[in-house]
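The structure displayed is predicted, hence computed values, not measured ones.
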Amino acid sequence: MIRIALRTLRYHKGGFIASFIALFFGATIVVACGGLLETGIHNAAPPQRLAAAPVVVTGEQRYLGTSSELVFPERVRFDAALTTKIAAVPGVAGAAADVSFPGSLAPPGGGPVTAVTGHGWASAALTPYRITQGAAPAGAGQVVVDTRLAQRAGLSPGSRVEIRSGGASKAYEVSGLAAGNGEADGVFLSDAAALDARSAAGLPGTVDNIGVFPAAGADTAAVAEGVRKAVAGAPVSVLTGDERGRAEDPGVIDDGSDLIPLAAAFGGLSAMVTVFVASSTLGLSIQQRQREMALLRAIGTTPGQLRRLILGETVLLAAIATALACIPGPRVGRWLLGAFADAGVVPDSIVFRAGSVPLIVGVGTALITAVGAAFIAANGAARTRPTEALAEAGLQRRWFSGFRSVLGLLCLIGGIALAVGTAGMDGPDAGSVATPAAMVWTTGFGLLGPVLARGITASLRRPVRAVSGLSGHLATRNAKARTARLAAAVMPVMLATGLAVGLIYMQTTQADGADQAFEESLRADAVVTSASGGMPLETVDAIRGLPGVAAASAQVPSLGFIEPDVPVDPTLNGGDGESSAPQPTEVSMQGVTPEGVAATTSFRAASGSLDALRGATVALPARYAADREIGDTVPMRLGDGTRVDLRLVATVDGKRGYETALVPASVLVGHTDAGLVPQIMVSAAPGTGRAALEASLRTLAERQPGLRVTDRQALTAVAADNSDTQSWMAYLVLAVVVGYATIALVNTQVLATTERRREFMLQRLIGATRRQVMQMMAMEAVLVSVAGIVLGLLVALLTLVPFSMSVLGTALPTGSPWIIVTVVGGALGLTLATTLLSAGAVLRGRPGDLAGIKE
């Protein structure tokens, strides 16, 4: 039978080409997603600025001892005294402390302000940087500037600049220019000056990292182990190899690991689409060879032989398609990683690392999909009794099975369960359940496709006949006689329509929910920011004293954790999955100034008073304070891992999933990366116009270079831009998946039409004109489109209603109505165009050529 399978390939080019295209594109996407998944597992971020140090000591960013791994969002800094202890470890030639701080640079006489990152000169050896002009900073009044920054700012040795950091501005002389593979905005002060700048930011006596240089001939692994023993008990990690990149960007630990669920979800979605597309295409191809199968059964072919014939053809085809997909697959994965990094979804320092595993998984998935689809499609012909074989080919009697109906109903039950779960989730997390729900609904409708397609076309029979006459009559009769063929053509339309409408409106609804939550929390008339990355907390008092200002409040966003009742044991390995380990409650935090929080934000106390937010206090969202009373002590961890005991002074209500805990800015600001206030919200006094308020604020900006004054709309626009960045990533995923579904749609329609050459020629022989056949095919395309669009919209509706209930609290999702118009119009137009072009190509032959048409 294998030999027969090889020989039959050339006689069914249309079906095999269609199946090859479906398998090739599906395997390419799955291999690409497999590469992304392995990249997320490796989470490799080779160091740049710290590349010269073989061993790097950095703060422990993981929240150790919890049942699932949590990561502190702010950089964990540690005592600078560890530098001396590490330098004394046997095998260590030297240890360099890395101190960084945000700032801004401007010419002394005025000019454009540039945001910079400052370091001590000792950090230059960690890259390494080399002096290209001038000399290293010899005193507190000198600075070395990165050559790229110097070129942009027009600086050279001897230039005078002002560097502002931590609210203080100081003049420096550019002593030299340095080149290295660090930040393009880097400036280097003397080590003493850098420590002073760090102290001004409220972070005295701490360092970000320590670079360790082993002695000549010393083993790096042995030195790293010695350093680990020397710093045992301190909240630090000792890194080597690619792991050193985490010291430069702690976000790699958390944001990099986000690539794993992202790749898994994307790959799972792609694999499901591949299953649908391959099954539909292979099934349609085999159905159109039913007469051939019937003849083989009639001449004595056993069911097993028939299965082996179909499986042999499919395995050969799938092996070629998947082998070729291994060439573009990794390239597509690398391109997707770059796109995710550009969108800010993952750190751009993560490199694509994919070995043979994604290739094996991708090939295996494609082969299993193809073989499974072929086996299912072959069962109908294989189970047919020889005496009924020819009748079965001529009259399609077995178009559905009990097993398929049971499996389809189970999927619908699963879809209902996921819909209930989606509606009950927090808004920001609802998408993680809604997307699988969409695929489960799609699977259920796909399995029940013949029944649903037949029901939809039956309901359209009279309208179609009334509008189109004989061509509509023939189209509806064809749909009724060949239900399986109709269902195979409908499924890609349903898939493309359902995914496009569902995923696009999910994204627009999610973005609108986030925008609403942001706008509802904003009450300020103006916002003050700084080019240096932040302002000292005293700036709030300075703004409050300006004319026309009614209230001002710091706004310091961060993330914290409410400690569990069971003490956390940090000696346990973080994220070990032990059910006995406790799990803290993650909560968004906002540092505020109590004097101005009520006038500049929408936060209102449900119990207690926000005016009491002074000292070590907290106002928790009511949901997180259900078992606590006002005055209770709440043990918490701040964003940098510092444990604090805060007194509960109020509870606040908030939109579900967007709740925020409030703490005094004086408590929180010192535990953020910058140690500064990123923005200050300002409300105008009664009778003060917006222009007068901004003019008053600009008088302060003139005294403190780098301050920026924007209005409320500008802040909303920034939030919208951030939301658009996330939307872009979602649309990228959508484009790949729906693009593949669209290819499948075209593929299937071409196959379904071109394989009907004999039928078209018979119609021509009995007197039908070319135009009449084309009219019949146009009506069939309309039936297929309408059935697919109805089912696709039903999938989208069942997904979006519970999702919208979770995010917006209403059953109606948000988004432009042109989205659904475009998707529906595109599906209808694409199906019509593909069908008519394929039919037109078939009808170019002469009716007299019928005898030469192969079965």
Side-chain angles (χ1 to χ4, degrees), residues 48-50 52 80 96-209 211 530-536 539 674-676 700-708:
Q48 302 294 322
R49 192 174 61 82
L50 305 177
D98 176 37
V99 176
S100 304
F101 58 90
S104 60
L105 180 148
V113 176
T114 304
V116 297
T117 302
H119 305 281
W121 179 243
S123 300
L126 302 175
T127 305
Y129 271 90
R130 59 184 179 84
I131 295 292
T132 58
Q133 297 182 49
Q142 293 185 332
V143 63
V144 169
V145 180
D146 185 283
T147 53
R148 293 163 291 182
L149 174 60
Q151 185 176 6
R152 294 199 310 270
L155 302 176
S156 61
S159 298
R160 302 290 297 179
V161 295
E162 282 187 4
I163 296 179
R164 184 176 183 83
S165 177
S169 182
K170 186 175 180 180
Y172 291 87
E173 177 188 359
V174 178
S175 65
L177 307 182
N181 200 25
E183 307 106 335
D185 62 352
V187 298
F188 295 89
L189 309 181
S190 66
D191 293 331
L195 289 174
D196 289 342
R198 185 65 165 267
S199 297
L203 301 168
T206 61
V207 295
D208 295 336
N209 309 291
S530 175
S532 61
M535 300 155 284
T539 308
L676 300 170
L700 180 64
E702 292 173 359
R703 300 195 301 269
Q704 298 184 14
L707 290 187
R708 297 170 178 170

Are N181 and T127 close enough that a side-chain donor and a side-chain acceptor fall under 3.5 Å? no
Heavy-atom nearest pair, Q133 first then I131, reads O-CG2, 3.3 Å
Closest non-hydrogen atoms of H119 and F101, given as atom of the first, atom of the second and distance, are N-CE2, 4.0 Å
One should read off an interatomic distance between N209 CG and L126 CG, to the nearest 0.5 angstrom, of 8.0 Å
To the nearest 0.5 Å, atom CG of D185 lies from atom OG of S104 at 11.5 Å
Rounded to the nearest 0.5 angstrom, the CD-OH distance for Q142 and Y172 is 11.0 Å
Shortest non-hydrogen pair, M535 vs S530, comes out as CG-CB, 3.7 Å
Distance col, row E173:CD vs S159:OG, nearest 0.5 angstrom, shows 9.0 Å
Sequence neighbours excluded, the answer for side chain to side chain contact (heavy atoms under 4.5 Å, CB included) partners of P128 is A52
Quick one: are I163 and L189 in side-chain contact, heavy atoms under 4.5 Å?
-> yes
Side chain to side chain contact (heavy atoms under 4.5 Å, CB included) test vs V187 passes for just one of L155, L149, D146, namely L149
I'd like to know if the side chain of T147 and the backbone of L177 have a donor-acceptor N/O pair within less than 3.5 Å. no
Contacts satisfying salt bridge (Lys or Arg N to Asp or Glu O under 4.0 Å) that involve residues 122-140 (not counting sequence neighbours) are none
CG of D208 to CG of D98, rounded to nearest 0.5 Å, is 5.5 Å
Nearest heavy-atom contact between T132 and A179 is CG2-CB, 3.8 Å
What one should report as the nearest heavy-atom pair of A140 and K170 is O-NZ, 3.7 Å
Intermediate values then yes/no, side chain to side chain contact (heavy atoms under 4.5 Å, CB included), V145 and V116: CA-CA 10 Å; V145 180; V116 297; over 6 Å; no
### Query
When you measure from the side chain of D191 to the backbone N and O of W121, does any donor-acceptor pair fall under 3.5 Å?
yes
Here the pair of heavy atoms bringing R160 nearest to A171 is NH2-CB, 4.0 Å
(message) Between V144 and S175, does the side chain to side chain contact (heavy atoms under 4.5 Å, CB included) criterion hold? Intermediate values first, please.
(response) CA-CA 6 Å; V144 169; S175 65; 3.6 Å; yes
